[in-house]
A.B. asks: 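What follows is a structure written as structure tokens; I'll ask about it next.
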There are 2 protein chains.
Amino acid sequence: MLVNKKIISRFSQYREVLLKFQEMGLSKIFSNVLGDAVGVTSAQVRKDFSLHGISGNKRGGYQIEDLLHELRSILGKDKVHHVVVVGIGNLGRALIQYTGFDKEGIQIVAGFDIDPAKVNKRNRIPVYHLDELNKYVCENQIQIGVLAVPDAAAQSVCNIMVDSDIKGILNFAQIRLIAPEDVVINSVFLQMELENVIYFVNAMENKCTRCRSS
Amino acid sequence: MLVNKKIISRFSQYREVLLKFQEMGLSKIFSNVLGDAVGVTSAQVRKDFSLHGISGNKRGGYQIEDLLHELRSILGKDKVHHVVVVGIGNLGRALIQYTGFDKEGIQIVAGFDIDPAKVNKRNRIPVYHLDELNKYVCENQIQIGVLAVPDAAAQSVCNIMVDSDIKGILNFAQIRLIAPEDVVINSVFLQMELENVIYFVNAMENKCTRCRSS
DNA sequence: ACGTTTTTGTGATTTTAATCACATTTAAAA
DNA sequence: TTTTAAATGTGATTAAAATCACAAAAACGT
């Protein structure tokens, strides 16, 4: 693949920051300002843009509107993307209740769960039984799904999603999912992220103790 | 810092997989098996261990118990870590309701919110008003906090957490938090992760279309 | 109009991370 | 025992990502 995950993450972040700057009434921005806001160097910003054929004005910086336009098309923001959430536990419910995605062109359109008690078709975002996933996904041309079921069920539910022709999965289960090459899987391991924080807090503490005693 | 975020993430994953293998009754494991399970090469596994002074037996692989023992101490799993969640919205509530962290030595002990209506001290995990954070954190020697408030409030709540002497923050707000050097911040940008999936699904689609037409 | 300053754009360089490949060791088989 | 096959451990190599550094362009002040 020409681009990697990391650069796309930065693009998402650039976009986020640019929207805020635009909201504040600014119309142009310099690479160093954007870099600071996102936590990268100005050279990184310029290189990212340059590699994607986005150019600014020497001494004039970049037009925010132009950048947003380019980023919109790079990130596929020119159309609304419909997403389903599979697994309506604590996390799944939180995700379908969160309303912040909408304004970013991401629309969560339905939830699915294996537990009939969770089914509720009258919600703002309806929740269906998992058995209906296949039909729903076909009929509504859904490509993206969030997987938020317990680890033990994750792989089999993933298989169901893949069979239903979902092409991209954001996975919250703490396992490495196996799926065909053409299915994009991005995993968020929340426990691992917490462990990471804990590790580095410990590491810092040890370092400081040593500093003090030396 | 000697080690970076990525290697620690791998260690977390190794540990996770090893626990599962151990549960299945296995007592030794080879680098290639562990690598496959986590999605890295066998050389990567061996190098990771080697760099941390963990060694196995030539031709005999690694003793799972030994590995887990080492990883436990590297990852600070030898004691239980108490964590507070600040911001009891959809996501914060999901996190304090999730019971899976406990068995991993991570214990969410309290929630905090600025909204008095969210306060409930009789829950399994009590929710206090944000004003009580400082006192609670001091009295209970909390070092780690999860930040799950709206973007607009994130920086100021972060400041409160830092003032309360929290040393590590897992941040779910879509902004780059500013904090002193000695405070560890790890951000999970859920929207960005979803956008990433969407981007690569689009990219694949375009690639395939091109393939078909050529 | 002209020089000065500032910012971009990018080739060269450095740094970092991953992979290779093989000598070494050792468990198991013959 | 002796041989054979299979893993580890690690220096060397490669690949990837980030940074540097500076020429080129253009806005601004005078």
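Below, chains carry the letters A, B, ... as their sequence lines are ordered, and counting in each starts from 1.
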A.B. asks: Using whole Å, what does the distance between atom C1' of nucleotide C/dT16 and atom CZ of B/Arg10 come to?
C.D. replies: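 In whole Å, C/dT16 C1' lies 12 Å from B/Arg10 CZ.
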A.B. asks: Looking at B/Ile7, is its backbone amide N or carbonyl O close enough to the side chain of B/Asn4 to form a donor-acceptor pair, meaning the two atoms are under 3.5 Å apart?
C.D. replies: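 Yes, B/Asn4 side chain to B/Ile7 backbone: donor-acceptor pair under 3.5 Å.
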A.B. asks: Rounded to whole angstroms, how far apart are CZ on A/Arg46 and P on C/dT7?
C.D. replies: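 So the two atoms are 10 Å apart, to the nearest Å.
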A.B. asks: With a 6.0 Å cut-off on ring centres, are B/Tyr14 and B/Phe49 close enough?
C.D. replies: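 For B/Tyr14 and B/Phe49, the ring centres are under 6.0 Å apart.
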A.B. asks: Testing the basics here: between B/Asp115 and B/Asp113, what is the closest heavy-atom pair and its distance to 0.1 Å?
C.D. replies: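 Closest approach of B/Asp115 to B/Asp113, heavy atoms only: N-OD1, 2.9 Å.
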A.B. asks: Please name the pair of heavy atoms, one in B/Gly76 and one in A/Asn202, separated by the smallest distance, quoted to 0.1 Å.
C.D. replies: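 Distance-wise, the nearest heavy atoms are CA-ND2, 3.5 Å.
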A.B. asks: For the backbone of A/Ile96 and the side chain of A/Arg124, can you confirm whether one donor and one acceptor N or O come within less than 3.5 Å of each other?
C.D. replies: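 The answer is yes, because a donor-acceptor pair under 3.5 Å joins these two groups.
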A.B. asks: Between C/dT19 and B/Lys47, counting only base atoms on the nucleotide and side-chain atoms on the residue, is there a donor-acceptor pair under 3.5 Å?
C.D. replies: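 Checked by distance alone, the answer is yes.
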A.B. asks: For the pair B/Arg93 (side chain) and A/Asn90 (backbone), establish whether a donor and an acceptor sit closer than 3.5 Å, ignoring hydrogens and angles.
C.D. replies: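 Checked: no pair found.
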A.B. asks: Would a distance-only check, ignoring hydrogens and angles, find a side-chain to backbone donor-acceptor pair under 3.5 Å from B/Gln155 to B/Ile178?
C.D. replies: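 The answer is yes, because a donor-acceptor pair under 3.5 Å joins these two groups.
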A.B. asks: Let me know the distance between NE2 of A/His52 and P of C/dT8, rounded to the nearest Å.
C.D. replies: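 It works out to 19 Å between those atoms.
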A.B. asks: Anything under 4.0 Å to a heavy atom of chain A counts; send over the first and last such nucleotide of DNA chain D, read 5' to 3'.
C.D. replies: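 Endpoints of the contacted stretch of DNA chain D: D/dA17 to D/dA27.
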A.B. asks: Tell me which residues in residues 25-41 of chain A lie within less than 4.0 Å of DNA chain D, going by non-hydrogen atoms.
C.D. replies: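 The answer is A/Thr41.
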A.B. asks: Between B/Asn32 and B/Ser42, does any side-chain donor sit less than 3.5 Å from a side-chain acceptor?
C.D. replies: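 No donor-acceptor contact under 3.5 Å links the two side chains.
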A.B. asks: Where along residues 54-73 of chain B does a heavy atom fall under 4.0 Å from DNA chain C?
C.D. replies: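 Output list: B/Lys58, B/Arg59.
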A.B. asks: Does this structure show an ion pair linking B/Asp48 with B/Arg46, if we count only N-O contacts that are shorter than 4.0 Å?
C.D. replies: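 No, no charged N to carboxylate O under 4.0 Å.
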A.B. asks: Going by distance alone, is a donor N or O of one side chain under 3.5 Å from an acceptor N or O of the other, for A/Glu193 and B/Asn186?
C.D. replies: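 A donor-acceptor contact under 3.5 Å links the two side chains.
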